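What you are looking at is a predicted structure, and each value in this text was computed from that prediction instead of being measured.
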Number of protein chains: 2
Amino acid sequence: MTTPAPVVLVVEDEPAMRRFLRTSLRAHGYHVVEAATAREGLAQLAGRNPDVVLLDLGLPDADGIDVTRQVRATHRTPIIVLSARGQERDKVAALDAGADDYLTKPFGLQELLARLRAALRRAVPGRGGAEPSVVTAGELRVDLGRRQVFRAGEEVHLAPTEYRLLAVLAAHAGQVLTHRQLLEAVWGPNFLEQTHYLRVYVGQLRHKLERDPARPRLIATEPGVGYRLRDEAPPAAGG
Amino acid sequence: MTTPAPVVLVVEDEPAMRRFLRTSLRAHGYHVVEAATAREGLAQLAGRNPDVVLLDLGLPDADGIDVTRQVRATHRTPIIVLSARGQERDKVAALDAGADDYLTKPFGLQELLARLRAALRRAVPGRGGAEPSVVTAGELRVDLGRRQVFRAGEEVHLAPTEYRLLAVLAAHAGQVLTHRQLLEAVWGPNFLEQTHYLRVYVGQLRHKLERDPARPRLIATEPGVGYRLRDEAPPAAGG
DNA sequence: CCGAACTTTGACGGAATATTGAGGTGGCGC
DNA sequence: GCGCCACCTCAATATTCCGTCAAAGTTCGG
């Protein structure tokens, strides 16, 4: 069987550059998914589960570094950053935020393709099941690849923010995530103090996902610390 | 508790550059293994099993591209190529031969370090930043990375202050910690005299963790000095 | 331009936790 | 035996934190 074409998510606001990438990549056998904004990019990431992300840092609606960090909170997909800024501190910031590579514009197409191949080559061996993109907890099932959530087999519709919060919790199931960690991953580093958001959205998630929202079993509160998605199904209630 | 220093194999023939890399990397906590030729490099690779390889392409005894290919034939160790040649075809050749990254000399130290971190981050799957470090004492298990505590396999819920106190004791298991040390670590430097807090919280921890809180085995009192978490399981009571 | 879905913000009751105080226990020197 | 000291236990109070609801603001699509 032939290998399916790798899916490349291109997040780039300039139409000319986006068109250039689209045609070049398609000509070389890739399947291209496009997004013009950070918001759109995050949605595509969740929906299409690309094999690699090409991310322009100069997006209109968000800081590219934040986007990198938000992607890393739930996905291990390789990220190649494209940027007009060639300062060393920009590169360091992007790489430390979780990017796998950094290319300064203008760059040669052949180099981009080679770095793309390098990123895909590394990722492939792990594709045999290294990263479980489906997390189950009790009667809850979260499919991080398809952006779908099921409760007892029934699909549940979640708003974008609701889903991202749940995705972060699911990506670290069983582990306590602090308020700050969650806020940074979902809302970005400018919202580290807004624990109120968490209360509201955790409440909404419980309302949609828990059997009895008043006595939550899936999303547990760690008072004064944060929240945690229980990864083991608790035994049936004895009383 | 500290991660062992990652081992970096530097394959570089110019003594000045080698020395620069050696001192810079050591200053940043890496363990450096050196080789001046390709032959030597391959021998070190087999013998020392480094976490990452920095490979100069302009070696005297072999073509760097061939070296890259030879490494890849047997190892998955990340390779970061350093080269004076910045032509696109050189980059493509190195990356397609199996290199993970390509830096053109002269390069900034910070960028090199960031790309090094990126390569290491990818290589170690479970190490996203959270240290596993688990401390066991008898039937007690403290997972400092996940902020979870188990007693005989059952998870125990601890309030923030309770957990912080236990975490300090666990981080120095077997060692006596004075009242002042504990108070400073948990409550801060303004509470050094409040030994009463310790009594209350040690009592609560014993109540939650000890099999018989009246005769504590895990958290031992050192009268007039402080407390200590026993790190060895005491033999089962014989009488 | 309007309506639907979503996000942000504010108010308030109640739960969980931290702090404080009073009384009890046990070892030790005298 | 007595008193002292350090420690332990229990419980009341104070404080912080959390869950809920609903209104106001925003975004998006028709």
Side-chain angles (χ1 to χ4, degrees), chain A residues 35-40 42-43 46 60-62 70 147 149 156-166 169 176-180 182-183 185-188 190-228, chain B residues 147 149 156-167 176-180 182-183 185-188 190-210 212-228:
Chain A
T37 64
R39 169 187 294 262
E40 209 182 313
L42 289 169
D61 62 333
Q70 290 184 29
R147 200 203 179 281
V149 178
V156 180
H157 171 75
L158 296 183
T161 305
E162 290 169 359
Y163 175 79
R164 262 191 290 162
L165 176 56
L166 179 63
L169 288 166
V176 178
L177 294 174
T178 66
H179 297 137
R180 293 176 59 93
L182 291 167
L183 286 164
V186 177
W187 281 270
N190 298 327
F191 295 76
L192 299 183
E193 315 299 328
Q194 312 296 327
T195 57
H196 196 81
Y197 288 12
L198 285 177
R199 287 202 273 282
V200 172
Y201 274 90
V202 166
Q204 288 175 191
L205 282 177
R206 281 174 177 156
H207 190 70
K208 289 187 176 182
L209 303 176
E210 296 274 0
R211 188 175 289 276
D212 179 3
R215 254 166 309 124
R217 295 182 173 197
L218 298 171
I219 304 178
T221 302
E222 298 288 336
V225 184
Y227 294 90
R228 178 167 66 92
Chain B
R147 200 199 178 279
V149 178
V156 180
H157 172 78
L158 296 184
T161 306
E162 291 168 359
Y163 177 79
R164 263 186 291 162
L165 176 57
L166 179 62
V176 179
L177 294 173
T178 67
H179 296 139
R180 292 176 61 93
L182 290 167
L183 285 163
V186 177
W187 280 270
N190 299 327
F191 295 75
L192 299 183
E193 315 300 328
Q194 311 296 328
T195 57
H196 192 63
Y197 287 11
L198 282 177
R199 296 201 191 97
V200 172
Y201 273 90
V202 166
Q204 287 177 2
L205 282 177
R206 281 173 176 157
H207 191 70
K208 288 187 175 181
L209 302 176
E210 296 273 1
D212 179 3
R215 255 166 307 123
R217 296 183 173 194
L218 297 172
I219 303 179
T221 302
E222 300 287 338
V225 184
Y227 295 89
R228 176 168 66 93

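- Following rounding to the nearest Å, Ile219(B) (CD1) and dC8(D) (C1') show an atom-to-atom distance of 14 Å.
- Taking 4.0 angstrom as the limit, Trp187(A) places a side-chain polar atom (N or O) nearer than this to OP1 or OP2 of dT8(C).
- For dA18(C), the OP1/OP2 oxygens have a side-chain nitrogen or oxygen of Thr161(B) closer than 4.0 Å.
- If you check dA6(D), dC6(C), dT19(C) against the side chain of Arg199(B), the one that comes closest is dA6(D).
- Across all strands, His196(A) comes closer than 4.0 Å to base atoms (heavy-atom distances).
- Residues His207(A) and His179(A) both approach DNA chain D. Their nearest nucleotides, taken by heavy-atom distance, put His179(A) toward the 5′ side.
- Between Leu198(A) and Trp187(A), some side-chain heavy-atom pair lies under the 4.5 Å cut-off.
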All N/O pairs under 3.5 Å across the protein-nucleotides 26-28 of chain C interface:
none

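- A 4.5 Å side-chain heavy-atom check between Thr221(B) and Tyr227(B) finds at least one atom pair inside the cut-off.
- Where Pro213(B) and Pro223(A) meet DNA chain D, the nucleotide closest to each residue was compared, and Pro213(B) sits on the side nearer the 5' end.
- Closest heavy-atom contact between Val186(A) and Arg164(A): O-NH1, 3.0 Å.
- Atoms CG and CG, from Leu182(A) and Leu192(A) in turn, are 11.0 Å apart once rounded to the nearest 0.5 Å.
- Annotation for Pro216(B) and Arg206(B): closest pair CB-NE, 3.4 Å, computed over non-hydrogen atoms.
- Taking CG from Leu205(B) and CD1 from Ile219(B), the interatomic distance works out to 4.5 Å, rounded to the nearest 0.5 Å.
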Requested in this report: Fill in the dot-bracket string of DNA chain D, one character per base: . for unpaired, | for a pair to another strand, ( ) or [ ] for pairs within the strand, taking Watson-Crick or G-U pairs under 3.5 Å.
Outcome: ||||||||||||||||||||||||||||||

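- When each of dC28(D), dA16(C), dC6(C) is scored by its nearest atom to the side-chain atoms of His157(A), the top-ranked nucleotide is dC6(C).
- Distance, Leu198(B) CG to dT20(C) C1': 15 Å, rounded to whole Å.
- Not a single donor-acceptor pair under 3.5 Å links the side chain of Glu210(B) to the backbone N or O of Arg215(B).
- Using a 4.0 Å heavy-atom cutoff across all strands shown, Val202(A) reaches no nucleic acid atom at all.
- Note that CD of Glu193(A) and NE2 of His179(A) are 11.5 Å apart. Values are rounded to the nearest 0.5 Å.
- A distance of 9.0 Å separates CD in Glu222(A) from CG in Leu158(B), rounded to the nearest 0.5 Å.
- Tyr227(A) comes within 4.0 angstrom of the backbone, heavy atoms only, and of no base.
- Distance CZ (Arg39(A)) to P (dT26(D)): 14 Å, rounded to an integer number of Å.
- Taking side-chain N and O atoms only, Thr221(B) has a distance below 4.0 Å to OP1 or OP2 of dC8(D).
- Picking from dC21(D), dT7(C), dG21(C) the nucleotide with the shortest atom distance to the side chain of Val200(B) gives dG21(C).
- Considering only the side chain of Tyr197(A), dT9(C) comes nearest among dG21(C), dT9(C), dT7(C).
- Rounded to an integer number of Å, the gap from Arg215(A) CZ to dA16(C) P is 12 Å.
- Distance check: Thr161(A) OG1 to Leu166(A) CG gives 12.5 Å after rounding to the nearest 0.5 Å.
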